[in-house]
Structure formats: C-alpha cells, structure tokens
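Right, one structure below, let's go through it.
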Amino acid sequence: MKVTRELFDEVMVPNYNPAAMIPVKGQGSRVWDQDNNEYIDFAGGIAVNVLGHCHPALVSSLQEQSEKIWHLSNVLTNEPALRLAKKLTDATFADKVYFCNSGAEANEAALKLARRYALEHFGEEKSQIIAFNQGFHGRTFFTVTVGGQAAYSDGFGPKPGAIDHVNYNDLDALAGIMSDKTCAVMLEPLQGEGGIISPTPEFIQGVRELCDKHNALLIFDEVQSGVGRTGDLYAYMGLGVTPDILSTAKALGGGFPIGAMLSTDKIAKSLKVGSHGSTYGGNPLACVVAEAAFDIVNTPEVLDGVKQKEQLFRDGLARINDKYQVFDEVRGKGLLLGCALNEKYKGRARDFLVASANNQLMCLVAGANVVRFAPSLVIPDEDIKQGLEKFEAAVASVVNA
Ligand SMILES: *Cc1c(COP(=O)(O)O)cnc(C)c1O
C-alpha cells in the first residue's frame, strides 16, 4: 500500500494538520522521512522523547518485556508498575502513585481526587477549582475546561462547573477569588503551551501560602515540565515549593504512552477501591520503558547535562538574534526554551517553524508568538550546533523573504 500525506486527509479525522513529510525512522536526535531526508529533532515529540529516538536502553527493556507479559488489567498488579511507583515515590514528595496513559488522564485523576478529598473532609461547598489563563492541562472535557483557553473548551455543550481562571503570576487576582470554598489550585510550574512562561518566585510561593490558608490543594501539572526537562527531576524541586498532587506524563515514558498522578498518603486515601480507574493504567510494557527512562534521567550526568545544553542553546540563539533581531527574549528553563518574537515578527511563529522544516530542522511553536524547543535531554552537543545552524538559515529565510 502506498502511504502518503494525502491519505491523511482521506482517512483521518481532520483535527490535526500534520506536516507534508512522514517520518519513518529515528535515532537519537535525528529523524528520517520516507525519502530518506535527514532532520535534526529539536521538538522531541513535544517534550516526550526525553532520551531521543530508539534509545538502546529503552529498546532493550521493551523487547525483553514484550516476550514476558504485555497486559494484565488492574485486577492484577505487576512488577514493572510496582518498581516504577517505588522509584517515583522515593525520588519525590509523593507517597502514592496512580498510573494512566496520558497527561490529560493524569490531570483528570488529579482533579477528581481533589474534588473527592474536599468533599470527604470539608463538604460539598468546597468545590471551586482555580486555574490560570493560557494554562494547558489536556483535552478531556474536565481538563480542557480547567485549561485557560476557552477556545479549546467552547462548542462541546455544558461544561463542568465551579472552575475559575485568573492571570498567571498575578497573586492579587488569585487572592481575590480564593476562599474556604476553594478546593484546589492547578497550575503548570512552567507554562508550556501558553508560551513558555516561568512563575515568579513570589507568585509560586504565594500560591502555596494561599492554598495552605484556605485548605485548598495545590496541583502541579508537570506533564511538560517534569522528568528532567528543567534540569531538576521535577520543576517543583527547582522552585522550592512542593505541591499536594503532581501529574506527570510526556517524558515519563520516553515515547511510550504513560501518565501518572502522584500524591501523599493522606490525600490519596480519598480514591478508594472502585472510585477511579483505567484499563491500561500501569501496563507492564509502558512501565518497564518508563522505568528504564527514569533510571537514566534521574542521574547527575543527565540532569547537569540539561543545564549545560541549555547554555549552548542560549548562546547560539543569542548569536542568531544579534545578527537578525527577531526575538524579544529567550525564556524557559533547561531544555524547554521559547524564543518570544519581537513586535516586527509578532504572530509569525509558524513561519519560523515552516522555514525550519524546510531546512530539515524539527521545532515547535507555543502559541502564535513563540518558537519552542524541547529536544532530547541527551541530545549531542554536535546536533545542537548543527540544528542551530539550520535554525539560523531558517531565521535568515524568514527575515529576507
Ligand atoms: C501535553 C500536556 C498535557 C496533555 O497531555 P496528553 O498526554 O496530551 O493528554 C497536559 N498538561 C500539560 C502541561 C501538557 O503540556
């Protein structure tokens, strides 16, 4: 069967509009398409391929497990899931883990847990969930409604209720709508889809204090910022503020679908037997790959490497910007970086993405004004150098068009 991009329009629901080329092979931070064109990957499958494509340790874990057992359901537990849960709880504030298959599912579990906990401990009045404009928490109806872009949740009928939004980094606005009826505050400790926005130290500290004051749970959505992305295992560790519930996915499986919600003993108790679940949650194939990825990422070599590679990106991007004057700033942390376009190029992030693809570089956007990079955490320095050369050529082509 001849498989082409045209087939997409023929047989796929039109909720995506993928690029013209179809990748068929990946190794490290290089990808090849059907015509054997080679690309450098600064996108990492949207902050997922934390160790690049087909990392040998992940490949061998998957292969080994594939000959043992694939699936059991949650009527039974399994060794990979238990080992991974033990490692996650040993390495974080959490005592308990719930496994699922995606970021949205991890957030859905987090929100349901928060609501159930509030109901059990304080009564049904305590239901308000506060989140932030431009935040992104996934595409299930609950999570997309908690997300801060109404455009994504409009048009699907009545929405889940008692959800309010304020501006990120606006502590006064948050204080203004919080009360003892607040069940939870949910935020990304580094906004990804919303444009790579870091929290100010006063804000993130203040959110924790307000949650404590009102007995509200603090939920950190670390689906994009977690698993080494910022140079800390989880971004909260670099902020000095600990959440009550944390969601993690994307990089967790290094390319294999898995998500997890982490919480404390006391809070987790509210998800009693039968109260929530997922057929594939804790699937042995997913957990064994995630365990292998976790073992590699959670080492000083990889985490310190992220900080060094961040500097390579920042130096290279600064050089490009000195020459072409296209960005206002390069923001973000670790290997989640955003180039915010200046006034002259406002709204044109996609043009830079397309120009990069034409120069055989895969990158991302975060909204209309930010070009985003989320490469493998172990991307070789040489690939960063070559990728930045391609990016420079892309920037030149946009500037000179
Ligand atoms: C990607 C993302 C999600 C959604 O994850 P899915 O696996 O697509 O469901 C949720 N929160 C954040 C911060 C994300 O970046």
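If you read the sequence from its start, that first residue is 1, and numbering goes on from there. Reckoned from all heavy atoms, side chains included, excluding hydrogens, waters and symmetry mates. Numbering of ligands and ligand atoms starts at 1, following listing order. This structure is a prediction, so every number in the text was calculated from the model and none was measured.
Protein heavy atom nearest atom 6 (P) of ligand 1, with residue, atom name and distance: Gly103 N, 3.4 Å. Remark: minimum distance from atom 11 (N) of ligand 1 to any protein heavy atom is reached at Asp221 OD2, 2.7 Å. Among all non-hydrogen protein atoms, the one lying nearest atom 9 (O) of ligand 1 is Ala104 N, 2.7 Å. Atom 10 (C) of ligand 1 has as its closest protein heavy atom His137 C, 3.4 Å.
Looking only at distances, no side-chain donor or acceptor of Asp164 sits under 3.5 Å from a matching main-chain atom of Gln128. Side-chain atoms of Asn78 come within 3.5 Å of backbone atoms of Ala81 as a donor-acceptor pair (strictly under, hydrogens ignored).
Salt bridge Glu310/Arg314: present, at least one basic N to carboxylate O contact under 4.0 Å.
For the residue pair Ser278/Asn101, the side-chain donor-acceptor check at 3.5 Å is satisfied. Checking Thr264 against Asp95 by side-chain atom types alone, no donor-acceptor pair falls below 3.5 Å.
Around atom 2 (C) of ligand 1, the closest heavy atom drawn from Glu108, Gln224, Lys250 belongs to Lys250.
Side-chain contact between Leu246 and Met261 is absent, with no heavy atoms from C-beta onward closer than 4.5 Å.
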Report the C-alpha separation of Arg229 and Glu222 in whole Å, then their side-chain angles, then the decisive distance to 0.1 Å, and conclude whether the salt bridge (Lys or Arg N to Asp or Glu O under 4.0 Å) test is met. CA-CA 10 Å; Arg229 185 57 51 193; Glu222 292 232 28; over 6 Å; no
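When heavy-atom distances to ligand 1 are checked against a 4.0 Å cut-off, Ala249 has no atom that comes that close, whether in backbone or side chain. Of the heavy atoms in Asn107, only side-chain atoms (C-beta onward) come closer than 4.0 Å to ligand 1.
Residue Gly138 has at least one heavy-atom neighbour below 4.0 Å for each of these atoms of ligand 1: 4 (C), 10 (C). For ligand 1, the atoms sitting less than 4.0 Å from at least one non-hydrogen atom of Ser102 are 7 (O), 9 (O), numbered in the order shown with element in parentheses. Of all the atoms in ligand 1, the ones that sit under 4.0 Å from a non-hydrogen atom of Glu188 are 13 (C).
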